[in-house]
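Single-structure report; data block below.
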Amino acid sequence: MTASIAYGAVEVGTELPAQSFPVTRATLVQYAGASGDFNPIHWNEKFALGVGLPDVIAHGMFTMAEAIRVVTDWAGDPGAVVEYGVRFTKPVVVPNDDSGALIEVSGKVGAKLDDNLVRVDLTVMSDDKKVLGMSRAVVRLA
């Protein structure tokens with residue numbers, strides 16, 4: 001597969017479709033099983049509170065993975081992402097209720113680079129707080 005978006009069809013400032021991703025305690029248990037990361041801060045409220053967290057928090061790598069979906073869905077090919085990095089700024093707090101938390105992601109083309117590459121800058125929020133900073137992906141377009 002290759003990206004379905006043409007390099008010539010985007011400009012700096014082109015906005016990607018925003019998406020929201022729900023996260024529940026069940027989601028975190030499923031991710032722990034898939035990733036092998038069973039740190040109790042991601043599933044045990046008593047432990048999380050005991051180490052000074054406000055509640056159970058989502059895995060950082062899970063949060064990163066949800067955020068990059070905005071880019072891969074837009075590009076049409078996960079293999080089009082050639083670089084991706086973030087800074088963890090705040091945790092995604094996941095309460096023990098039916099709704100859990102929501103990760104809200106928006107993005108825009110921040111720069112056009114050589115060789116059909118673009119830099120996409122993401123804004124990743126949960127509970128009105130920026131949870132990932134300097135969230136950027138370099139994507140090779142068609």
[X] side, atom [atom1]; [Y] side, atom [atom2] - distance, nearest 0.5 Å:
| X | Y | atom1 | atom2 | answer |
| --- | --- | --- | --- | --- |
| Ile41 | Leu49 | CD1 | CG | 12.0 Å |
| Ile103 | Met64 | CD1 | CE | 12.0 Å |
| Ser135 | Lys130 | OG | NZ | 9.0 Å |
| Ile5 | Asn116 | CD1 | CG | 12.5 Å |
| Ser35 | Met61 | OG | CE | 10.0 Å |

Evaluate the side-chain proximity of [Y] to [X]: yes if any heavy-atom separation is below 4.5 Å, no if none is.
| X | Y | result |
| --- | --- | --- |
| Val92 | Ile57 | no |
| Val82 | Val139 | no |
| Val124 | Glu104 | no |
| Val105 | Thr123 | no |
| Asp77 | Thr72 | no |
| Met134 | Val86 | no |
| Phe47 | His42 | no |
| Leu28 | Val56 | yes |

Shortest non-hydrogen contact from [X] toward [Y]:
| X | Y | answer |
| --- | --- | --- |
| Gly133 | Thr89 | N-CG2, 3.5 Å |
| Ser126 | Val131 | CB-CG1, 3.8 Å |
| Pro95 | Ala101 | CD-N, 4.3 Å |
| Leu141 | Ala3 | CA-CB, 3.9 Å |
| Leu122 | Val70 | CD2-CG1, 4.4 Å |

Donor-acceptor check, side chain of [X] to backbone of [Y], threshold 3.5 angstrom: yes or no?
| X | Y | value |
| --- | --- | --- |
| Asp115 | Leu117 | no |
| Asp127 | Lys129 | no |
| Thr24 | Gly100 | no |
| Trp43 | Phe38 | yes |
| Lys112 | Tyr7 | yes |
| Thr14 | Val10 | no |

Shared hydrophobic cluster for [X] and [Y] (ILVMFWY, side-chain gaps under 4.5 Å):
| X | Y | result |
| --- | --- | --- |
| Phe21 | Leu16 | yes |
| Val109 | Val81 | yes |
| Val23 | Phe88 | yes |
| Val94 | Leu53 | no |

Checklist entry - Just wondering, are more than 12 heavy atoms of other shown residues or ligands nearer than 6.0 Å to NZ in Lys108? => result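 Open.
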
Item to check | Any side-chain donor near an acceptor of the partner, Asp73 and Gln19, under 3.5 Å | outcome: yes

Checklist entry - Does the distance from a Lys or Arg side-chain N to an Asp or Glu carboxylate O, for Asp55 and Arg25, drop under 4.0 Å? => result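 Between Arg25 and Asp55 there is a salt bridge, with a charged N closer than 4.0 Å to a carboxylate O.
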
Next on the checklist: So that I can tick it off, tell me whether Arg136 and Glu83 are bridged by a salt bridge, with the cut-off set at under 4.0 angstrom between side-chain N and carboxylate O.
Outcome noted: no

Item to check | Partner set under ring pair (Phe, Tyr, Trp, His ring centres under 6.0 Å) for Tyr84, not counting sequence neighbours | outcome: none

Checklist entry - If you link I, L, V, M, F, W and Y whenever their side-chain heavy atoms are under 4.5 Å apart, who else ends up in the same group as Leu102? => result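 Other cluster members: none.
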
